[in-house]
Engineer: 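My questions all concern the structure below.
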Number of protein chains: 2
Amino acid sequence: MLADVAAEAGVSATTASYILNGRADEMRIAPATVTKVQAAVADLGYRPNRSARSLRTRRTATVGLVSDQIAGEQYGSSMLTGASLAARELDHLVVMGESGGDPELERLLIEEMLERDVDGVVYATRTARTVHLPEGLRGVRSVLLNCEDPDERLPSVVPDDEGGGRAAVATLLAAGARDVWVVGEDPVPEATAGPRRMAGIRAELATHDLDVAGLVRCDWSVTEGFEATSRWLADGGRADGLVCMNDRLAMGVYQALAEHGLRVPDDVSVVSFDGSALAGWLRPVLTSVELPFTELGALAVRRLLDPDDHVGTDSVPMRVRPGGSVRPV
Amino acid sequence: MLADVAAEAGVSATTASYILNGRADEMRIAPATVTKVQAAVADLGYRPNRSARSLRTRRTATVGLVSDQIAGEQYGSSMLTGASLAARELDHLVVMGESGGDPELERLLIEEMLERDVDGVVYATRTARTVHLPEGLRGVRSVLLNCEDPDERLPSVVPDDEGGGRAAVATLLAAGARDVWVVGEDPVPEATAGPRRMAGIRAELATHDLDVAGLVRCDWSVTEGFEATSRWLADGGRADGLVCMNDRLAMGVYQALAEHGLRVPDDVSVVSFDGSALAGWLRPVLTSVELPFTELGALAVRRLLDPDDHVGTDSVPMRVRPGGSVRPV
DNA sequence: TGATGCGGCTGATTCGATTCAGCAGTGGTA
DNA sequence: TACCACTGCTGAATCGAATCAGCCGCATCA
């Protein structure tokens, strides 16, 4: 403990504490004393006791991360990677908990984190959406990750889905597509990804005096993507560009196109959203607008620990990950 | 704080503490007193300060989970879900850190966890393999998750890959397959999944006086699966049952089979390992032997916190998740 | 010569719980 | 009547750091 270090160095615990906390200059500790203490620290392999420190300072160098399901989510789990790395860079650790969507469990997790005096809480959701800040986080320093609360003035970190929508369409337009259909409709009312992407899609088309040629309605699963697209094709549906709302859906679209003898990208160009590993596994590789999950997680933690605490939403750009599903011009 | 509760209830902090720690009976506290204290707790919304408690007890009701990459891993991240849920059930929280495979970062993470007096550490790897216990964990209560250290006597939790191999083959044999090829070779020397699955595969075939008909060599990626299988087929390779070492690989195999006009399961039955979401997205749905990631994570935490600390490996069964890729008999 | 300032350090208190040792009061027993 | 056991509770020490207020000695200055 610190007292041992102090004894070994022949100074008081107070002095040792100042030195270890980088307050040597401020406290005008003689350089020789600093050296002695540092030697003692190295000598004894001193490791501070965080519980003791936290008891006094009320800070734990620990951030909480509560989510519904992000570890279970295929790609979204990278938010944890980002959060963990960013936390380390700022000398913090991440305490995580998953509620699985159960509000009672969520309450418990938040409660336990607050008992442990986390320095702040990141509240994350699997899918981009609006939420209500849980009661337990009222008054607690917190950042929303992949979600926003329109009723609260809070820092929030989300992907720029509208920009992503524009980028997706820009890719198709650049390849000469003019007859652009959108596949997929956001199934959840609170979800923000679908509407925002759609806004971007329309905005970009508008720059060429175009609009969405049509919408193939289905949820965002492989099966629905396959079935809805099959029906559409069977009804004579045709397009030169398809925007799929996510990669899984696009996989179903690929299957449907193949069954109807249409080739990607020769007969139709396809772009999608997610930039998941799946996009890279499809043949041809699916051009997809990437959800920057790692970056989102990292940014959320940085904003949480950032001393100048500005509220408002950070939209992280979504970049096109080029594949072979868009016909080269 | 506790003193407030005690004051409100008209007792000493000592008494209040005993009651809150469930030692009322042992300390012969009168039932009326217990009631008074509980009322005060509810009244004041008392929430214990864990740092203070930890300072005395040296326990934090917190477990560390260090891994190379499990959050970034598609399916493996469910280990975090399982760990988080099991921890909650045992009134603990999970402190997580990802090293990305960097030994220095790993050392730092472990160091930071120990400073925070975690009650134990789960050391997890993305892929099932053998490892050397990191120096920093020597003498620390720890459990290996998805890995084993042959040189140490430690509790360890891994999937039963050998049993999985047997189950995969049993499924094929039950469907009448006799000419069984294996696709995929484990690319990493320390990896345990491949050899164990192979052992199970051979063992089960042996019960029918059979052996593996042949091996299509490739690593476990979609592309390699596609290319190696294509070459094999082009060389006249045929089989009535294929065991793929994982689902991604199987996806490549599907692609190759399709290009050669072979239909699953009519021309060839396919089983695989992982039981990932991808298996469910393929057409036909891929029959796959599931890696029980959530259970693995949960079990690791339970063993870590289990008071009777037995060393040795727990192998969690891998179950077949039936799809449509095995021809019904 | 006495007041003032400053460099360099330390003693004592505090954070909020846990826990050991022990203390009144009561009733039973020899 | 003296002793003991038991019930029901409490005072004080303790965990390991952070931090405030202040102390001592020496140089400076009016």
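Just so it is clear: chains get the letters A, B, ... in the order the sequence lines come, proteins before strands, and each one is counted from 1.
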Engineer: Assuming nearest nucleotide by heavy-atom distance, tell me which of A/L20 and B/P31 is located more 5' along DNA chain D.
Structural biologist: B/P31
Engineer: Starting at CD of B/E26 and ending at P of C/dT18, how long is that distance when rounded to a whole Å?
Structural biologist: 13 Å
Engineer: Return the value, rounded to whole Å, for the distance between atom CE of B/M1 and atom C1' of C/dG16.
Structural biologist: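 Distance, rounded to whole Å: 6 Å.
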Engineer: Within a radius of less than 6.0 Å around CZ of A/R138, do more than 12 heavy atoms belonging to other residues, nucleotides or ligands occur?
Structural biologist: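 Count over threshold, so yes.
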Engineer: C/dG8, OP1 or OP2 - any side-chain N/O from A/T15 closer than 4.0 Å?
Structural biologist: no
Engineer: Can you see if the side chain of A/R28 gets near the phosphate of C/dG7 - specifically, an N or O under 4.0 Å from OP1 or OP2?
Structural biologist: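 Checking A/R28 against C/dG7: at least one side-chain N or O falls below 4.0 Å of OP1 or OP2.
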Engineer: Please report, rounded to the nearest Å, how far the P atom of D/dC15 is from the CG atom of B/D117.
Structural biologist: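 Whole-Å distance recorded here is 14 Å.
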Engineer: Which residue in the set B/L304, B/V157, B/V143 passes side-chain contact (heavy atoms from CB on, under 4.5 Å) when paired with B/L299?
Structural biologist: B/V157
Engineer: Give me the residues of residues 49-60 of chain B where at least one heavy atom lies under 4.0 Å from an atom of DNA chain C, by number, or none.
Structural biologist: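 Close to the strand are B/N49, B/A52, B/R53, B/L55, B/R56, B/T57.
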Engineer: Rounded to whole Å, how long is the line connecting atom CZ of A/R23 with atom P of C/dG8?
Structural biologist: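 Taking CZ of A/R23 and P of C/dG8, I get 17 Å after rounding.
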Engineer: Just by distance, do the side chain of B/S99 and the backbone of B/L105 share a donor-acceptor pair under 3.5 Å?
Structural biologist: no
Engineer: Restricting both atoms to N or O, compile the protein contacts to nucleotides 21-24 of chain D shorter than 3.5 Å, with distance only.
Structural biologist:
none

Engineer: Between B/D119 (side chain) and B/T60 (backbone), is there a donor-acceptor pair under 3.5 Å?
Structural biologist: yes
Engineer: Please check if any side-chain donor atom of A/S84 sits under 3.5 Å from a side-chain acceptor atom of B/E98, or the reverse.
Structural biologist: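 Not at all, the side chains of A/S84 and B/E98 share no donor-acceptor pair under 3.5 Å.
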Engineer: Tell me the interatomic distance from A/Y46, atom OH, to D/dG16, atom P, rounded to whole angstroms.
Structural biologist: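 The answer, rounded to whole Å, is 10 Å.
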Engineer: Using atom CD1 of B/I19 as one end and atom P of C/dT18 as the other, report the distance to the nearest whole Å.
Structural biologist: 12 Å
Engineer: Using a 4.5 Å cut-off on heavy atoms from C-beta on, say whether the side chain of B/L109 contacts that of A/R88.
Structural biologist: yes
Engineer: Are the side chain of B/S78 and the backbone N or O of B/T81 linked by a donor-acceptor pair below 3.5 Å?
Structural biologist: no
Engineer: Keeping A/S54 on the side-chain end and A/R59 on the backbone end, is there a donor-acceptor pair under 3.5 Å?
Structural biologist: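 Yes: the side chain of A/S54 pairs with the backbone of A/R59.
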Engineer: Please report, rounded to the nearest Å, how far the P atom of D/dT14 is from the CG atom of A/L2.
Structural biologist: 18 Å
Engineer: Side chains of B/R116 and B/T62: do they bring a donor and an acceptor to under 3.5 Å?
Structural biologist: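 No donor-acceptor contact under 3.5 Å links the two side chains.
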